Amino acid sequence: MPPRPLLLTIIGNESRLRILLALAKHVDESLTVYKIAKFSGLERKVIRAHLRKLVESELVQAKAYGPICLYSLN
């Protein structure tokens with residue numbers, strides 16, 4: 001079986017897909033990890049781990065304002 005394309009590998013994970021859906025539903029605003037947790041039903045620890053991969057794959061954009069980081073779809 002040929003290797004899966006990177007995009008399918010990234011969005012093929014249920015947690016990452018739930019994060020992307022939360023960001024897509026609130027596309028007009030940037031969200032903190034706390035708000036993503038509230039909208040997705042995932043734990044913040046899980047979200048932080050998956051956000052790293054989403055930012056690396058350039059599906060999500062992160063903007064840091066001091067200790068607070070805001071995330072939005074890229």
Side-chain angles (χ1 to χ4, degrees):
M1 187 158 116
R4 291 173 30 174
L6 179 61
L7 181 61
L8 290 179
T9 302
I10 296 296
I11 63 172
N13 179 282
E14 182 183 351
S15 296
R16 286 193 287 268
L17 189 55
R18 287 170 68 178
I19 292 167
L20 289 172
L21 289 173
L23 291 170
K25 286 181 182 178
H26 300 88
V27 73
D28 56 330
E29 62 182 308
S30 296
L31 301 178
T32 62
V33 171
Y34 175 80
K35 284 190 176 182
I36 294 170
K38 181 179 172 184
F39 298 136
S40 69
L42 299 169
E43 293 183 20
R44 286 179 277 178
K45 181 175 144 181
V46 172
I47 292 169
R48 283 188 190 95
H50 288 294
L51 276 172
R52 250 182 261 119
K53 291 184 179 185
L54 291 169
V55 170
E56 287 173 1
S57 67
E58 298 181 356
L59 290 173
V60 173
Q61 181 179 14
K63 291 183 183 177
Y65 296 96
I68 298 172
C69 203
L70 298 175
Y71 299 92
S72 60
L73 288 179
N74 204 4

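Keep in mind it's a predicted model, so treat the numbers as computed, not measured.
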Quiz item: Can you tell me how far NZ of K38 sits from OG1 of T32, rounded to the nearest 0.5 angstrom?
Solution: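 Reported value, rounded in 0.5 Å steps: 9.5 Å.
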Exercise. Tell me whether V55 is reachable from L42 by hopping between hydrophobic residues (I, L, V, M, F, W, Y) whose side-chain heavy atoms are closer than 4.5 Å.
Key: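 Yes.
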Quiz item: Do L70 and L23 share a hydrophobic cluster (ILVMFWY, side-chain heavy atoms under 4.5 Å, transitive)?
Solution: no
Quiz prompt | Smallest separation among heavy atoms of S40 and I47, with atom names | solution = OG-CD1, 3.9 Å
Self-check item: Closest non-hydrogen atom pair, A22 against L31
Solution: O-CD1, 3.9 Å
Quiz prompt | Selection residues 42-62 - residue pairs positive for ring-ring contact (aromatic ring centres under 6.0 Å, His included), sequence neighbours left out | solution =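 Pairs touching residues 42-62 that pass the test: none.
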Self-check item: Residue pairs fulfilling salt bridge (Lys or Arg N to Asp or Glu O under 4.0 Å) with at least one residue in residues 10-28, sequence neighbours excluded
Solution: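 Passing the test, one end in residues 10-28: E14-R18.
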Quiz item: Side-chain contact, heavy-atom cut-off 4.5 Å: L51 with I36?
Solution: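 Side chain of L51 against side chain of I36, heavy atoms only: contact under 4.5 Å found.
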Self-check item: Counterpart residues, side chain to side chain contact (heavy atoms under 4.5 Å, CB included), relative to K45 (two or more places apart)
Solution: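 Once residues adjacent in sequence are excluded, K45 has no partner under the side chain to side chain contact (heavy atoms under 4.5 Å, CB included) criterion.
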Quiz item: What residues form a side chain to side chain contact (heavy atoms under 4.5 Å, CB included) with R48, not counting sequence neighbours?
Solution: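 Here the qualifying residues are V33, R44.
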Self-check item: Partner of L73 under side-chain contact (heavy atoms from CB on, under 4.5 Å), chosen from L20, L59, L54
Solution: L20
Practice problem: Among residues two or more places apart or on two chains, list those pairs meeting side-chain hydrogen bond (donor to acceptor under 3.5 Å, both in side chains) that have a residue in residues 56-74. | Solution: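 Listed once each, the pairs would be none.
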Quiz prompt | F39: partners by ring-ring contact (aromatic ring centres under 6.0 Å, His included), with sequence neighbours left out | solution = H26
